[in-house]
Amino acid sequence: MKFLFVGAGFSCAVIARKFAEAGHQVHVIESRDHVAGNCHTERDTDTDILVHTYGPHIFHTDDQEVWDYINQWDDFKPYINRVKTTSQGQVFSLPVNLHTINQMFNKTFNPQQAKEFVLSLSDKSIEEPLNFEEQALKLLGKELYQAFFEGYTRKQWGCSPTKLPASILKRLPIRFNYDDNYFNHRFQGMPSNGYTHIVEQILNHQNIQVKLNQAFDSSMEAQYEHIFYSGPIDNYFDNEFGRLNYRTLDFHKETHHGDYQGCAVMNYGNEDIPYTRITEHKHFSPWEQHEKTVIYKEYSRACEANDIPYYPIRFSGGEEINKLQQYIDLAKHQDKVTFIGRLGTFRYLDMDNTIREALDCANESLTLLQNNQPIPAFFVKPIN
Ligand code: UDP
């Protein structure tokens, strides 16, 4: 049977490969001139540094199967994401840990003392945090919130942190020891040849044809048994209920000699600096040697019609969720399309979860096909 996959990011690539291995004919179309979506990496022509074109991507997961899966396609080097942040004229360690707390309050607390101290700062009037700000005030208190989260979050999301779900802050751990690993996951690493190389490998199969610079058109549907669509769900329906809102990013690239900031990612916690962070790409590949260095200053703003969507804006109780619900209801009436991935389901998805969902979607779809049952519009709940 013949299947169409719209978009060549991890979601489609992983499912397409499974379908190809099961003997199906697979066409993958991609509107950009490269595969791997926003995980795209490429060698900078001037410096030969491997650059994360759409911002930093560090692979981390707790899922053994996903880790084994990704490791098939490239040589992963051990890599620990250690992020720093500049706030109020000083450099601090992230995520908030014992070093951050001691430096911030000019103390020499041990873990227990720090825990008690932060508890004394926390806002105890908040029982069940309803939004990002309440979650931060309850966990950390006002000083740490204002230094590291309030300004950054306003720049990143373009709104008051009271409008954002508490779940966004829950992405970051808070530690009362000196562990400054940004992630809590068991597995973490960086592919030596980059994510685009990985996606190219996944798509390299005799039953897969990839067409770059090719936008989706609904007239294509008739030629296929089924379509897996990883583009924005509102675009699929010609924005019938209005566009879903995203944040997009602008990267201002600079090339320098030597080492610009001494680490891969430096965040900027205050609003007087207009960018959210600076990424210095060569630090993602510390096993390589480069005389020059490439940095990206990262600016976040509202995503307009022709911009690249990055972060779906899902304000709890907001208009966006109603709009999304309308698209979901419409999607459920399509019998030939499955919506997948970050844009197809309008969720904040890390690479490992994207791959997990794609593996599950592929296995379940192939079983349904074998049993002559229809493939559903969604395998995950876009609204939870
Ligand atoms: N955040 C913050 N200050 C920081 C880093 C993160 O306020 O220095 C907040 C911000 O709202 C951000 C969220 O925490 O959107 C999640 O951060 P993460 O580093 O996971 O964001 P990503 O790397 O996905 O952009």
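For the numbers below, each heavy atom of this structure counts, side chains included, while hydrogens, waters and symmetry mates do not. Note that the structure is predicted; figures quoted are calculated from it, not measured. Start at 1 and go down the list; that is how both ligands and their atoms are numbered.
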Top protein contact for [atom], by heavy-atom distance:
{"atom": "atom 5 (C) of ligand 1", "result": "N267 ND2, 3.4 Å"}
{"atom": "atom 15 (O) of ligand 1", "result": "W157 NE1, 2.9 Å"}
{"atom": "atom 18 (P) of ligand 1", "result": "Y182 OH, 3.7 Å"}
{"atom": "atom 14 (O) of ligand 1", "result": "L172 CD1, 3.7 Å"}
{"atom": "atom 23 (O) of ligand 1", "result": "R277 NH1, 3.2 Å"}
{"atom": "atom 25 (O) of ligand 1", "result": "Y311 OH, 2.4 Å"}
{"atom": "atom 24 (O) of ligand 1", "result": "Y348 OH, 2.6 Å"}
{"atom": "atom 6 (C) of ligand 1", "result": "Y152 CE2, 3.7 Å"}

Aromatic plane relationship, F228 with F5 - under 30° parallel, 30 to 60° tilted, over 60° perpendicular: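 The rings of F5 and F228 lie parallel, inter-plane angle below 30°.
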Decide if atom [atom1] of [X] counts as having more than 12 heavy atoms of other residues, nucleotides or ligands within a radius under 6.0 Å.
{"X": "H24", "atom1": "NE2", "value": "yes"}
{"X": "K323", "atom1": "NZ", "value": "yes"}
{"X": "K211", "atom1": "NZ", "value": "no"}
{"X": "E127", "atom1": "CD", "value": "no"}

Geometric N/O contact [X] with ligand 1, under 3.5 angstrom:
{"X": "F132", "result": "no"}
{"X": "T153", "result": "yes"}
{"X": "T85", "result": "no"}

Non-hydrogen atom of L94 closer than 4.0 Å to ligand 1: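 Flag set, L94 near ligand 1.
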Any E150 heavy atom less than 4.0 Å to ligand 1: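 For ligand 1, residue contact (heavy atoms, under 4.0 Å) with E150 is absent.
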Reported CZ-to-CG distance for the pair R277 and L94, which is rounded to 0.5 angstrom: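 Going from CZ on R277 over to CG on L94, the span is 11.5 Å.
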NE2-OG1 distance between H57 and T41, expressed to the nearest 0.5 angstrom: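 Going from the NE2 atom of H57 to the OG1 atom of T41 covers 10.0 Å.
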D74 vs N193, side chain to side chain donor-acceptor pair (under 3.5 Å): CA-CA, chis, key distance, verdict: CA-CA 7 Å; D74 195 15; N193 295 296; 2.8 Å; yes
Y229 and N235: CA distance, side-chain angles, deciding distance, side chain to side chain donor-acceptor pair (under 3.5 Å) verdict: CA-CA 11 Å; Y229 185 88; N235 280 8; 5.2 Å; no
S160 side chain to T162 side chain, donor-acceptor N/O pair below 3.5 angstrom: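 Their side chains do contain a donor-acceptor pair, which is all the 3.5 Å distance test asks for.
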Proximal ligand 1 atoms for Q156, defined as those under 4.0 Å from one of its heavy atoms: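 Result: 15 (O).
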Selected option - heavy-atom contact closest to atom 13 (C) of ligand 1, from I168, L349, T86: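 Selected option, by shortest heavy-atom distance: I168.
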Location of contacts on L164 toward ligand 1, heavy atoms closer than 4.0 Å: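 Neither part.
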